[in-house]
Amino acid sequence: MVLHHSPASPFVRKIVVLLDEAGQKDTVRLAPATGSPVDPGTMPLGANPLGKIPALERPDGCTLYDSRVITRFLATQVPAGSPAFYPDGPRLWEVLTLEATADGIVDAAILMRYETALRAPEKQSTAWIEGQWAKISRALDALESRWMAHLAGPLDMGQIAVGCALGYLDFRFADRNWRAQAPTLAAWYADFVQRPSMQATLPG
Ligand code: 99T
């Protein structure tokens with residue numbers, strides 16, 4: 001399989017961390033891609049008409065996107081004994097909601113990133129940027145106040161997504177100091193980011 005990839009993308013990172021945690025990294029070949037909404041660059045437009053990564057090309061099926069489709073697919077392919085990335089039972093709905101919360105943090109952060117990196121300074125909207133940060137801030141509050149018990153449980157895709165989202169905030173928005181408003185979450189992340197799968201995929 002071919003995974004269209006960038007080391008800066010937290011959405012791609014979720015995929016690579018899952019594969020690493022399942023001992024399945026060798027099942028994909030990474031194909032580098034860069035681009036943005038204003039210049040698709042080398043984004044795999046043939047694989048994903050939306051021009052986004054990750055996209056996963058399979059030899060025996062359609063190309064998969066977006067990241068949550070890919071992780072759901074890969075979770076069905078992992079060997080016995082792998083973590084239950086999407087566990088059965090009521091916990092599944094927690095995992096899916098936690099992953100959606102984490103991905104929503106990244107969606108908002110990427111919109112901030114594009115606003116500041118791609119638009120001329122005189123065209124940038126402070127209200128837009130701060131509106132996106134407000135979403136992130138509320139989500140951090142929710143993680144800190146409602147999700148710590150889940151985060152302390154067995155490894156699943158919700159935890160991986162949260163770890164990748166927090167890593168992206170550090171990577172692009174370290175000056176926002178998210179840890180100041182979420183100290184319990186920060187303590188969890190300090191431990192989680194030590195996992196070899198997370199260390200091997202630090203954004204850059
Ligand atoms: O939007 C574009 O044109 C290009 N952007 C992307 O492909 C980003 C890369 S992160 N990926 C997504 O937005 C995927 C979102 C989708 N819902 C999913 O797969 O879950 C780039 C981050 C950075 O460079 O800072």
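We're numbering straight along the sequence, starting at 1.
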Who passes side chain to side chain contact (heavy atoms under 4.5 Å, CB included) against S137, sequence neighbours left out?
W133, Q181
Does R146 have any side chain to side chain contact (heavy atoms under 4.5 Å, CB included) partners at least two apart in sequence or in another chain, and if so, which?
A142
What's the verdict on salt bridge (Lys or Arg N to Asp or Glu O under 4.0 Å) for R13 and D20, showing C-alpha distance, side-chain angles and the deciding distance?
CA-CA 10 Å; R13 190 181 186 190; D20 196 353; over 6 Å; no
Q124 and I129: which non-hydrogen atoms are nearest, and at how many Å?
OE1-CD1, 4.4 Å
Shortest non-hydrogen separation from I136 to A109 and the atoms involved
CD1-N, 3.7 Å
Show every ring pair (Phe, Tyr, Trp, His ring centres under 6.0 Å) that has at least one partner inside residues 182-204, sequence neighbours left out.
W178-Y189, W188-F192
Please check if Y65 and I110 belong to a single hydrophobic cluster, counting links between Ile, Leu, Val, Met, Phe, Trp and Tyr side chain heavy atoms closer than 4.5 Å.
no
Go through the structure and list residues passing salt bridge (Lys or Arg N to Asp or Glu O under 4.0 Å) with E21, not counting sequence neighbours.
R195
Spacing of CG belonging to N48 relative to CG belonging to L56, to within rounding of 0.5 Å
11.5 Å
Where do G35 and Y114 come nearest, in terms of heavy atoms and distance?
O-OH, 4.5 Å
For Q24, enumerate each residue passing the side chain to side chain donor-acceptor pair (under 3.5 Å) test, keeping only those at least two apart in sequence or located in another chain.
none
State which residues pass salt bridge (Lys or Arg N to Asp or Glu O under 4.0 Å) with E130; sequence neighbours excluded, sorted by chain then number.
R176
Show me the donor-acceptor pairs within less than 3.5 Å that the side chains of residues 151-162 make with the rest of the protein, sequence neighbours left out.
| residue | atom | partner | partner atom | Å |
| --- | --- | --- | --- | --- |
| D156 | OD1 | G158 | N | 3.0 |
| D156 | OD1 | Q159 | N | 3.0 |
| D156 | OD2 | R91 | NH2 | 3.1 |
| D156 | OD2 | H150 | NE2 | 2.7 |
| Q159 | NE2 | H150 | O | 3.3 |
| Q159 | NE2 | L151 | O | 3.3 |
| Q159 | NE2 | G153 | O | 3.0 |
| Q159 | NE2 | P154 | O | 3.0 |

Any W128 side-chain heavy atom under 4.5 Å of M112 side chain
no
Roughly how far, to the nearest 0.5 Å, is the CZ atom of R58 from the CG atom of L74?
9.5 Å
Would you check if R179 and D170 make a side-chain contact, meaning some heavy-atom pair closer than 4.5 Å?
yes
d(L3 CG, I53 CD1) to nearest 0.5 Å is 8.5 Å
Side chain to side chain contact (heavy atoms under 4.5 Å, CB included) between S67 and D103, intermediate numbers included
CA-CA 9 Å; S67 64; D103 287 1; 4.0 Å; yes
Restricting to pairs with a member in residues 72-105, which pass ring pair (Phe, Tyr, Trp, His ring centres under 6.0 Å), not counting sequence neighbours?
none
Could you tell me which residues satisfy side chain to side chain donor-acceptor pair (under 3.5 Å) with S9, sequence neighbours excluded, listed by chain and number?
none
Mind checking what makes side chain to side chain contact (heavy atoms under 4.5 Å, CB included) contact with D66, not counting sequence neighbours?
R68, V69
Side-chain contact test, heavy atoms from C-beta onward, threshold under 4.5 Å: evaluate it for L19 versus T27 and give yes or no.
yes
Cluster check V38, L50: I/L/V/M/F/W/Y, side chain < 4.5 angstrom:
no
Side chains of R113 and F173 in contact at under 4.5 Å (non-hydrogen atoms):
yes
Any salt bridge linking K123 with E115? Criterion: basic side-chain nitrogen under 4.0 Å from a carboxylate oxygen.
no
Smallest heavy-atom separation, M148 atom then T184 atom, equals CE-O, 3.7 Å
Hey, what do you get for SG (C164) to CG (L169), rounding to the nearest 0.5 Å?
11.5 Å
Which residues end up grouped with V2 if you chain together Ile, Leu, Val, Met, Phe, Trp and Tyr wherever their side-chain heavy atoms are less than 4.5 Å apart?
none
Which pair of heavy atoms, one from V193 and one from M198, lies closest together, and at what distance?
O-CB, 3.6 Å
Gap between atom CD of Q132 and atom CG of D107 - 0.5 Å precision:
9.0 Å
Find out whether P7 and T201 are in side-chain contact, i.e. whether some heavy atom of one side chain is under 4.5 Å from a heavy atom of the other.
no
Do L30 and V28 touch side chain to side chain, with heavy atoms closer than 4.5 Å?
yes
Do the side chains of Y168 and P203 get nearer than 4.5 Å, heavy atoms only?
no
Testing the 3.5 Å rule here: is there a donor-acceptor pair between the side chains of K14 and T71?
no
Taking it one step at a time, do Q194 and Q199 satisfy side chain to side chain contact (heavy atoms under 4.5 Å, CB included)?
CA-CA 6 Å; Q194 296 309 317; Q199 288 293 305; 4.1 Å; yes
Heavy-atom pair of closest approach, residues L45 and G51:
CD2-CA, 3.5 Å
Can you list everything that forms a side chain to side chain contact (heavy atoms under 4.5 Å, CB included) with P59? Sequence neighbours excluded, please.
M1
Nearest-0.5 Å distance that lies between atom CG in L18 and atom CD in Q77:
11.0 Å
Any luck finding a side-chain donor-acceptor pair between E57 and T63 under 3.5 Å?
no
